[in-house]
Enquirer: 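First, the structure itself, so that you have it in front of you.
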Amino acid sequence: MIKQNGYAQYQNSKIMTASPAELTLMLYEGAIKFGNIALTAMENKDPAKAHENVVKVEKIIQNFRDTLDKKYPIWEEFEKVYVYLLRRCHEANVAKDPEIMGEVVKHLRSMRDNWKEVMKKVAQDKFNPAAQSRIAGGQRNSVGYVPTAPKKTGT
């Protein structure tokens, strides 16, 4: 019991100290984890466990959708992807179809991997502190982030 409590405290601390970018990454990881659990439950003919975990995936995807920053034109493309993934989750849940759930998990992995690359590129861009602050602890996301070179001063 003490070990579980210590682990819960560690997890809570990890979440409370994470940057917005790290929280986004954690959500992707959670959606993938729950998607895999749902997929396995579907394969094992455990509809209750499958349903419970598909709903968790849907909640995470809906959170992504609800927090899209509409000041960047790309938000509409993300909106379409999230709507598609939500529809496929629903279809997988109704049919208890592991193939459909596998497709959702595959897309989530790809999105997670792309997010990791964005985080890496922003961290490496020493010439754009504004973008770094958005990733490290500032604004909602880095959609619209464009690396910039430093301005040259006349000498």
Enquirer: Could you check Leu86, Leu85, Thr67 and say which one makes a side-chain contact (heavy atoms from CB on, under 4.5 Å) with Gln62?
Expert: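 Only match with Gln62 under side-chain contact (heavy atoms from CB on, under 4.5 Å): Leu86.
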
Enquirer: Do you know the tightest heavy-atom contact between Ala50 and Ala41?
Expert: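 That closest heavy-atom pairing would be N-CB, 3.5 Å.
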
Enquirer: Assess whether a salt bridge exists between Lys106 and Glu103, defined as any Lys/Arg side-chain N lying under 4.0 Å from an Asp/Glu carboxylate O.
Expert: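 Salt bridge: no.
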
Enquirer: So, does Asn63 use its side chain to make a donor-acceptor pair with the main chain of Lys59 at under 3.5 Å?
Expert: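 No: the side chain of Asn63 does not pair with the backbone of Lys59.
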
Enquirer: Do Leu108 and Tyr84 land in one hydrophobic cluster if side-chain heavy atoms of ILVMFWY residues count as linked below 4.5 Å?
Expert: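 Yes, same cluster.
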
Enquirer: Which value, rounded to the nearest 0.5 Å, describes the distance between Asp66 atom CG and Glu79 atom CD?
Expert: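 If we round to the nearest 0.5 Å, Asp66:CG and Glu79:CD are 9.0 Å apart.
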
Enquirer: Heavy-atom count around Lys96 NZ within 6.0 Å, excluding the residue itself: above 12?
Expert: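 Buried by this count: over 12 neighbours within 6.0 Å.
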
Enquirer: Whether Glu91 and Arg87 form a salt bridge (side-chain N of Lys/Arg under 4.0 Å from carboxylate O of Asp/Glu) is what I want to check.
Expert: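 Glu91 and Arg87: salt-bridged.
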
Enquirer: Mind listing the closest non-hydrogen atom pair of Cys89 and Val104 along with its distance?
Expert: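 Answer, listing the atom of Cys89 first, then Val104: SG-CG1, 3.8 Å.
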
Enquirer: State yes or no: do Val81 and Ile32 share one hydrophobic cluster built from I, L, V, M, F, W and Y residues joined by side-chain heavy-atom distances below 4.5 Å, directly or via other members?
Expert: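 Val81 clusters together with Ile32.
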
Enquirer: Is Ile37 reachable from Val55 through a run of I, L, V, M, F, W or Y residues, each pair having side-chain heavy atoms under 4.5 Å apart?
Expert: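 Val55 and Ile37: separate clusters.
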
Enquirer: How long is the straight-line distance from CZ of Phe34 back to CD of Glu29, given to the nearest 0.5 Å?
Expert: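 Taking CD in Glu29 and CZ in Phe34, the distance rounds to 11.5 Å.
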
Enquirer: Does a sphere of radius 6.0 Å around NE2 in His107 hold more than 12 heavy atoms from other residues, nucleotides or ligands, not counting ones at 6.0 Å or beyond?
Expert: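 More than 12 within 6.0 Å, yes.
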
Enquirer: Could you check Arg109 against Asn36 for side chain to side chain contact (heavy atoms under 4.5 Å, CB included), going step by step and ending with a plain yes or no?
Expert: CA-CA 11 Å; Arg109 278 192 188 113; Asn36 283 328; 3.3 Å; yes

Enquirer: What is the minimum heavy-atom distance between Val57 and Ala31, and which atoms define it?
Expert: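 That would be CG2-O, 3.4 Å.
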
Enquirer: Identify whether Ile100 and Leu39 are in the same connected component of the hydrophobic contact network (ILVMFWY, side-chain heavy atoms under 4.5 Å).
Expert: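 No, it is not one cluster - the side chains of Ile100 and Leu39 are not joined through contacts under 4.5 Å.
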
Enquirer: Do you reckon Ile60 sits in the same ILVMFWY cluster as Val83, going by side-chain contacts under 4.5 Å, direct or chained?
Expert: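 Not linked; separate clusters.
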
Enquirer: Would you call Glu52 and Lys56 a salt bridge, taking side-chain N to carboxylate O under 4.0 Å as the test?
Expert: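 Salt bridge between Glu52 and Lys56, a charged N being under 4.0 Å from a carboxylate O: yes.
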
Enquirer: Are the aromatic rings of Tyr28 and Phe64 close, with centres under 6.0 Å apart?
Expert: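 Ring centroids of Tyr28 and Phe64 are less than 6.0 Å from each other.
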
Enquirer: How long is the gap from CD on Glu58 to NE2 on His90, to the nearest 0.5 Å?
Expert: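 Going from CD on Glu58 over to NE2 on His90, the span is 8.0 Å.
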
Enquirer: Indicate yes or no for a side-chain donor-acceptor contact from Asp97 to the backbone of Glu99 under 3.5 Å, with no hydrogens or angles considered.
Expert: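 Yes.
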
Enquirer: Measure from the side-chain N and O atoms of Glu77 to the backbone N and O of Ile74, and report whether any donor-acceptor pair falls under 3.5 Å.
Expert: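 Side chain of Glu77 to backbone of Ile74: no pair is present.
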
Enquirer: Could you tell me which non-hydrogen atom of Tyr82 sits nearest to which non-hydrogen atom of Ile61, and how far apart they are?
Expert: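 Minimum heavy-atom separation between Tyr82 and Ile61: O-CG2, 3.7 Å.
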
Enquirer: Just wondering, do Met119 and Thr24 contact through their side chains at under 4.5 Å, heavy atoms?
Expert: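 No, their side chains stay 4.5 Å or more apart.
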
Enquirer: How far apart are the closest heavy atoms of Met101 and Ala92, and which atoms are they?
Expert: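 Closest approach of Met101 to Ala92: N-CB, 3.8 Å.
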
